[in-house]
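Everything on this sheet refers to the single structure shown next.
Since the structure is predicted, the reported quantities are computational estimates derived from the model, not experimental observations. One-based numbering, in listed order, for ligands and for the atoms of each. The first residue in the sequence is number 1, and the count goes up from there.
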Amino acid sequence: MNSKYAALFESFTFRSGVSLKNRIVMAPMTNFSSNQDGTVTDAEASYYARRSGGVGMVITACTYVTANGKGFHGEFGGDLDELIPSLRQLASGIKGEGAKAILQIFHGGRQVPPQLVPNGDVVSASAVPSEGEGKPVPRELTDQEVESIIKDFGETTRRAIEAGYDGVEIHGANGYLIQQFFSPHSNHREDRWGGSLEKRLTFPLAVVDEVKRVAAEHATGPFVIGYRFSPEEAETPGITMADTLVLIDALAKKDLDYLHVSLQDFWSKPRRGVDDTRSRIEIIQERVGDRVPVIGVGSIYTVEDAIQAIQTGVPLIALGREIIIDPDWVQKVADGKEDEIVTKIDKDKQQELVIPDPLWQAIIHSPGWFPGIE
Ligand SMILES: Cc1cc2nc3c(=O)[nH]c(=O)nc-3n(C[C@H](O)[C@H](O)[C@H](O)COP(=O)(O)O)c2cc1C
């Protein structure tokens with residue numbers, strides 16, 4: 001390996017005691033490839049195993065914690081004990097290749113397609129639809145239902161422990177239910193779950209507390225708990241960088257293993273909320289300091305991109321599309337073959353790349369999403 005890249009290959013130990021062999025993480029990515037009953041398919045397990053040999057840690061696609069949280073066709077479930085063997089199949093495949101396995105736990109809230117949830121009952125913090133044509137108007141959750149979903153996040157954490165995962169990532173990003181409670185766009189409640197910025201934090205923090213409680217009760221060894229958030233929303237009103245700094249301060253008090261900043265472009269700049277021309281990730285890293293490790297992500301295609309990213313002080317970086325396009329990204333750097341990293345998807349290589357059909361179809365029919373697909 002070229003010594004310039006050694007920083008990427010330093011080991012890393014989380015607060016919980018779980019250690020990673022390097023600083024590179026596979027980002028959570030939905031693959032649309034699970035069975036109708038919520039079990040993982042062999043194709044999906046193979047896709048993960050193919051990508052688990054180089055990275056220190058794999059964060060799985062999101063899994064729904066309760067039936068009305070299912071956000072995607074072919075999403076695997078974490079809502080029933082019957083699904084523990086399926087969850088275990090995925091964890092074992094990842095760990096068998098040497099990476100730590102983290103289950104991303106999720107509820108889609110108002111973003112779920114009505115046909116995927118029982119009785120088409122789309123729920124959210126308030127009866128406010130997402131922006132855009134034909135979006136369903138969600139039903140506002142009752143106080144008791146909110147409590148029940150918090151418990152569901154805990155129950156899925158217990159299943160993750162029983163299935164052998166090294167940890168869970170709470171999906172508080174990308175506009176899904178947890179973010180919907182934090183956002184002034186989607187949360188118009190005036191009870192204990194909404195009203196002020198602080199009260200909009202109640203649900204996200206209650207999920208964190210419940211996941212921690214369950215991990216303390218059930219995990220027999222070190223267990224990672226991470227939290228993913230999106231720093232800003234495009235909508236007005238919507239989450240601003242200023243709001244996110246408040247979220248970060250609240251999360252930093254929770255003894256989490258990491259915060260994961262969901263971005264398409266690692267270097268993207270704030271839209272509003274702070275008077276600062278630096279990138280969002282630099283502002284966030286400065287605010288977080290050494291209170292909790294940060295994972296940065298977004299369009300880190302080359303090893304030079306990765307080195308620049310890690311030089312911001314962010315201890316861990318995640319690769320998403322890049323590791324779909326080139327499953328040997330990390331091994332190539334380790335072997336001094338970084339010039340051979342592929343950064344555009346090769347349309348003739350579905351089999352070689354071990355990509356399940358539904359994910360492949362999504363990739364090749366979405367121009368502009370993956371480099372190489374015009
Ligand atoms: C196919 C695909 C599926 C994704 N699914 C998820 C998901 O389930 N959960 C999540 O938090 N982010 C998801 N993302 C976002 C990625 O984790 C990542 O933040 C984004 O792709 C930018 O990183 P990249 O440039 O390394 O791909 C998805 C991205 C892609 C491309």
Atom 26 (O) of ligand 1: closest protein heavy atom, distance to 0.1 Å, is Glu322 OE1, 2.5 Å

Counting both backbone and side chain atoms, is some N or O of Glu169 under 3.5 Å from an N or O of ligand 1?
no

Give a yes or no on this: more than 12 heavy atoms of other residues, nucleotides or ligands lie within 6.0 Å of atom CG of Asp290.
no

If the cut-off is 4.0 Å to any non-hydrogen atom of Ala27, which atoms of ligand 1 fall inside it?
17 (O)

With a 4.0 Å cut-off on heavy atoms, is Leu263 in contact with ligand 1?
yes

What atoms of ligand 1 come within less than 4.0 Å of a heavy atom belonging to Gly298?
23 (O), 25 (O)

Does Ala173 have a non-hydrogen atom less than 4.0 Å from ligand 1?
no

Should you measure from each heavy atom of Asn174, which atoms of ligand 1 turn up under 4.0 Å away?
10 (C), 11 (O), 12 (N)

Does Gln115 have more than 12 heavy atoms from other residues, nucleotides or ligands lying within 6.0 Å of its CD?
yes

Keeping Thr13 on the side-chain end and Ser19 on the backbone end, is there a donor-acceptor pair under 3.5 Å?
no

Subset of ligand 1 atoms that lie under 4.0 Å from at least one heavy atom of Cys62
8 (O)

Is it the case that over 12 heavy atoms from other parts of the model lie below 6.0 angstrom from the CG atom of Asn119?
no

Test your reading of the structure: does Pro28 have an N or O sitting under 3.5 Å from an N or O of ligand 1?
yes

So, do Ile373 and Ile345 sit near enough that their side-chain heavy atoms are less than 4.5 Å apart?
yes

Which residue supplies the protein heavy atom nearest to atom 29 (C) of ligand 1, what is that atom called, and how far is it?
Met29 CG, 3.7 Å

Which residue supplies the protein heavy atom nearest to atom 5 (N) of ligand 1, what is that atom called, and how far is it?
Thr30 N, 2.8 Å

Ignoring hydrogens and angles, state whether a donor on the side chain of Glu75 or Asn31 is under 3.5 Å from an acceptor on the partner side chain.
no

Could you tell me whether Trp369 and ligand 1 have an N or O pair separated by under 3.5 Å?
no

Side-chain contact test, heavy atoms from C-beta onward, threshold under 4.5 Å: evaluate it for Pro327 versus Leu353 and give yes or no.
yes

Quick check: Tyr227 with His260 (ring centres under 6.0 Å apart)?
no

With a 4.0 Å cut-off on heavy atoms, does Val297 reach ligand 1?
yes

Should Ile248 and Ile284 count as side-chain neighbours, where that means a heavy-atom distance under 4.5 Å?
yes

With a 4.0 Å cut-off on heavy atoms, does Phe106 reach ligand 1?
no

Geometric N/O contact Tyr301 with ligand 1, under 3.5 angstrom
no

Using every non-hydrogen atom in the two residues, find where Pro138 and Val123 come nearest and quote the distance to one decimal.
CB-C, 3.9 Å

Considering only non-hydrogen protein atoms, determine which one is nearest to atom 20 (C) of ligand 1 and report residue, atom name and distance to 0.1 Å.
Gln264 OE1, 3.4 Å

Return the option from Arg228, Arg321, His260 holding the heavy atom at the smallest distance from atom 18 (C) of ligand 1.
Arg228

Under the 3.5 angstrom rule, does the side chain of Arg139 hit a backbone N or O of Asp121 as a donor-acceptor pair?
no

One finds that the ligand 1 atoms under 4.0 Å from a non-hydrogen atom of Gln104 are 7 (C), 8 (O), 9 (N), 10 (C), 11 (O)

